[in-house]
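Quick notes on the structure that follows.
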Amino acid sequence: MEKVKPRTLSGFMELLPAPQVQMERIMQVLRETYALYGFYPLDTPLIESSEVLLAKGGGETEKQIYRFTKGDSDLSLRFDLTVPLAKYVAQHYGELTFPFRRFQIGKVYRGERAQRGRFREFYQADIDVIGDGKLDIINEAEVPSIIYKTFTALGLERFKIRINNRKVLNGFFAILGLTDKAGDVMRTIDKLEKIGAERVKAILVDDFGVAAETADELLAFIATPGGTAGILAALEGYKGKNEVFDQGADELKTVARYMQAFGVPDDHFEIDLTIARGLDYYTGTVYETAMLDHPEIGSICSGGRYDNLAEYYTDKQLPGVGISIGLTRLFYVLGEQGYLNDKMNRAPADVLILPMTDDMGAAIALATSLRGAGIRTQLYSEQKKFKHKIGYADKLGIPYVIFHGEDEIREGVVAVKDMETGEQVKVSLKEAVVRIQAGLAAKNQGKVICDRV
């Protein structure tokens, strides 16, 4: 029979066991941090009806969606976790308590061109707050503060959350007479970092008929210098020219003030008028997050406020605000740049028991006792040479090995070897548990990410 060559499709990540442990540890930190802020865990289907999923996608994403038919069904793979959330909240409106706070870590699919750090299948880690009729602006400040808490809990320090408000941009478009082209202009601005100001201007002028002088004024406005304080001061000069602009400027000021109150240091966030976000459903505050030492990577976390996302599913007003970490992309970048902590315990077990007798009953009982004490335990039962057994523990990085032979059974002790130091002692099971737990606490110190300052 001809063999099929095993391969992983381009744009799909498949990790070896040790880095998979690191990925799982990152997910664990995210779950714990999100739960700390009172968010429910949620899981929505990978496949949705195309009618539901594409009701309001917009932007470039709709062109990249995986869509197929099965029988009479027109189906699509979800391209993000926000649109399925809108459907979920509309469907279960009568069963939920608002404001509804949820987090979700799940895979999404986009058929874009695969390249380094860009994937077709990737994990997103989202948090969203959905209101019933109204949603206070304080949520627009708390959401990025949770991201600050999350990244610092992981060990990442040198990053900055950049914020803007779509109302400021839409209001300024109106001042310039570009309201009828607002969507196209917004999506073009969103490409500024990728293609540069000259190319953005060319697209605005050549593709969308924006006057060259108007395009220059727009580009000058979004490049307003001075950081958060300087930009807020500059916005005051436009006050009174457009109601939407004024509202957005006030919201930006409020969000910046509350983010400080939530504990986000000034050097970890700033107002940036170039932040637009390409998806059509954002209506207010928008966010992007960049690693300071690697701005070429682009945003590792983004999101914003949306007021009308559920309008295709219900007549009820369900405003929301959310933010998403591109987890697969972030993990790839961290690994490539050497930020992942390779010293952390990535073994599948804390202890490997090596039975030295033909009768396995005592070793099985020992393994059961250790697991009962919360120690991850693996029992090696293969008939291999001693050198191979020790090599197995060493290759997997298992911190402790217990030798369990007739002498240990007769004396009521266990022989515990610390694989890092080489120290070996014979102690009671109770003492072994205390010793191993203390050692693991020391070995497991540190965070998943080693930030390089």
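Along the sequence shown, residues are numbered consecutively beginning with 1. Side chains included, hydrogens not; waters and symmetry mates left out as well; all remaining heavy atoms used. This is a predicted model, so every value here is computed, not measured.
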> If only atom types and distance count, is the side chain of Q22 paired as donor or acceptor with the main-chain N or O of N341 below 3.5 Å?
Replying inline: yes
>> Does either side chain, that of E32 or that of Q28, offer a donor lying less than 3.5 Å from an acceptor on the other one?
In response: yes
> Backbone N or O of R67 within a donor-acceptor pair of the S76 side chain at under 3.5 Å?
Replying inline: no
>> Donor-acceptor check, side chain of N308 to backbone of E311, threshold 3.5 angstrom: yes or no?
In response: no
> Hey, is E198 close enough to K201 for a salt bridge, meaning N to O under 4.0 Å?
Replying inline: no
> Heavy-atom distance under 4.5 Å between the side chains of F151 and T289, does that happen here?
Replying inline: yes
>> Give me the atom names and distance for the closest heavy-atom approach of Y306 to D128.
In response: OH-OD2, 2.5 Å
>> Any non-hydrogen side-chain atom of I105 less than 4.5 Å from a side-chain atom of Q124?
In response: no
> Judged by atom type as modelled, is there a donor-acceptor pair below 3.5 Å linking the side chain of T228 to the main-chain atoms of I271?
Replying inline: yes
>> Evaluate Y123 against F331 for side chain to side chain contact (heavy atoms under 4.5 Å, CB included), listing each step before the verdict.
In response: CA-CA 10 Å; Y123 276 102; F331 186 81; over 6 Å; no
>> Before you tell me yes or no, could you show the steps for V52 and Y313 under side chain to side chain contact (heavy atoms under 4.5 Å, CB included), namely the whole-Å CA-CA distance, both residues' side-chain angles and the distance that decides it to 0.1 Å?
In response: CA-CA 8 Å; V52 170; Y313 314 124; 3.9 Å; yes
> So does D307 pair up with R305, basic N to acidic O under 4.0 Å?
Replying inline: yes
>> Tell me whether the count of non-hydrogen atoms from other residues, nucleotides or ligands lying under 6.0 Å of CG in D315 goes above 12.
In response: no
> Are the charged groups of D246 and K239 less than 4.0 angstrom apart, N to O?
Replying inline: no
> Do L42 and L85 come close enough that some side-chain heavy atom pair is under 4.5 Å?
Replying inline: yes
>> Can you tell whether the side chains of R162 and E288 come within less than 4.0 Å, N to carboxylate O?
In response: yes
> Within the distance-only criterion (no hydrogens, no angle test), does the side chain of N139 pair as donor or acceptor with the backbone N or O of D136 below 3.5 angstrom?
Replying inline: yes
>> Does the structure place the NZ or CZ of K443 under 6.0 Å from the centre of the six-membered ring of Y400, at an angle of no more than 45° from the ring's axis?
In response: yes
> Which atom names give the shortest non-hydrogen contact between N345 and G397, and what distance separates them?
Replying inline: OD1-O, 4.0 Å
> Name the one of L318, I130, T314 that satisfies side-chain contact (heavy atoms from CB on, under 4.5 Å) with Y93?
Replying inline: L318
> Are S324 and D126 linked by a side-chain donor-acceptor pair shorter than 3.5 Å?
Replying inline: yes
> Where do A215 and V205 come nearest, in terms of heavy atoms and distance?
Replying inline: CB-CG2, 4.2 Å
>> Can a donor-acceptor pair be found, under 3.5 Å and without considering hydrogens, that links the side chain of S145 to the backbone of V143?
In response: no
> What about F12 and F122, are their ring centers closer than 6.0 Å?
Replying inline: no
> Do you know the tightest heavy-atom contact between L81 and G106?
Replying inline: CD1-N, 4.0 Å
> About how many Å separate CG of L235 and CG of L252, when rounded to the nearest 0.5 Å?
Replying inline: 6.5 Å
> Side chain of S73, backbone of L75: donor and acceptor closer than 3.5 Å?
Replying inline: no
> After noting the C-alpha distance and the side-chain angles of K107 and E121, does the key distance pass the salt bridge (Lys or Arg N to Asp or Glu O under 4.0 Å) rule?
Replying inline: CA-CA 7 Å; K107 288 183 175 180; E121 176 191 69; 3.6 Å; yes
>> Evaluate F159 against H294 for ring-ring contact (aromatic ring centres under 6.0 Å, His included), listing each step before the verdict.
In response: CA-CA 9 Å; F159 64 92; H294 300 283; over 10 Å; no
> Which of parallel (below 30°), tilted (30 to 60°) and perpendicular (above 60°) describes Y148 and H268?
Replying inline: perpendicular
> Does one side chain, of E51 or Y312, offer a donor that lies under 3.5 Å from an acceptor on the other?
Replying inline: no
> Y66 and F79: ring-ring contact (aromatic ring centres under 6.0 Å, His included), yes or no, with the steps?
Replying inline: CA-CA 8 Å; Y66 282 101; F79 58 83; over 10 Å; no
>> Measuring only between side-chain heavy atoms, which start at C-beta, is K447 closer than 4.5 Å to L156?
In response: no
> Hey, are Q260 and D266 close enough side-chain-wise for a donor-acceptor pair under 3.5 Å?
Replying inline: yes
>> For a side chain to side chain contact (heavy atoms under 4.5 Å, CB included) check, start with the C-alpha distance between V286 and L169, then their side-chain angles and the critical distance, and finish with the verdict.
In response: CA-CA 11 Å; V286 286; L169 294 177; over 6 Å; no
>> Are Y238 and F221, when compared by the centres of their aromatic rings, separated by less than 6.0 Å?
In response: yes
> Are Y40 and F103 near enough that their ring centres are under 6.0 Å apart?
Replying inline: no
> Would K167 and E243 satisfy salt bridge (Lys or Arg N to Asp or Glu O under 4.0 Å), going step by step from the backbone distance to the final call?
Replying inline: CA-CA 9 Å; K167 293 174 185 174; E243 184 178 350; over 6 Å; no
>> Any non-hydrogen side-chain atom of I300 less than 4.5 Å from a side-chain atom of I325?
In response: no
> Between D132 and K316, does a salt bridge (Lys or Arg N to Asp or Glu O under 4.0 Å) hold up when you go through it step by step?
Replying inline: CA-CA 8 Å; D132 185 6; K316 298 185 183 301; over 6 Å; no
> Taking C-beta and beyond as the side chain, do V333 and Q337 meet within less than 4.5 Å on heavy atoms?
Replying inline: yes
> When the ring planes of F100 and F98 are compared, do they come out parallel, tilted or perpendicular, using 30° and 60° as the limits?
Replying inline: perpendicular
> So, the side chain of T214 versus the backbone of V210: is there a donor-acceptor pair under 3.5 Å, distance only?
Replying inline: no
> Will you find, in the side chains of Y287 and N164, an N or O donor that is under 3.5 Å from an N or O acceptor?
Replying inline: no
>> Working to the nearest 0.5 angstrom, can you tell me the gap between I189 CD1 and T274 OG1?
In response: 9.0 Å
>> So that I can tick it off, tell me whether D342 and R346 are bridged by a salt bridge, with the cut-off set at under 4.0 angstrom between side-chain N and carboxylate O.
In response: yes
> Does any N or O in the side chain of R25 come within less than 3.5 Å of the main-chain N or O of Q20, such that one atom is a donor and the other an acceptor?
Replying inline: no
> What distance do I390 atom CD1 and K395 atom NZ have between them, rounded to the nearest 0.5 Å?
Replying inline: 13.0 Å
> Below 4.5 Å, heavy atoms only, C-beta onward: do Q378 and Y392 meet side chain to side chain?
Replying inline: yes
> In Å and rounded to the nearest 0.5 Å, what is the CG to CD distance from L370 to Q437?
Replying inline: 9.5 Å
> Just how far is it from atom CG of L334 to atom CG of L330, taken to the nearest 0.5 Å?
Replying inline: 4.0 Å
> Could you go step by step and tell me if Y258 and T254 meet the side chain to side chain contact (heavy atoms under 4.5 Å, CB included) rule?
Replying inline: CA-CA 6 Å; Y258 280 148; T254 300; 3.5 Å; yes
>> Can a side-chain donor-acceptor contact be found between Q104 and T44 if the only test is distance below 3.5 angstrom?
In response: yes
> Are the side chains of E24 and V21 in touch, meaning some heavy atoms are under 4.5 Å apart?
Replying inline: no
>> Working to the nearest 0.5 angstrom, can you tell me the gap between D207 CG and K181 NZ?
In response: 11.0 Å
>> Donor-acceptor check, side chain of T188 to backbone of D184, threshold 3.5 angstrom: yes or no?
In response: yes
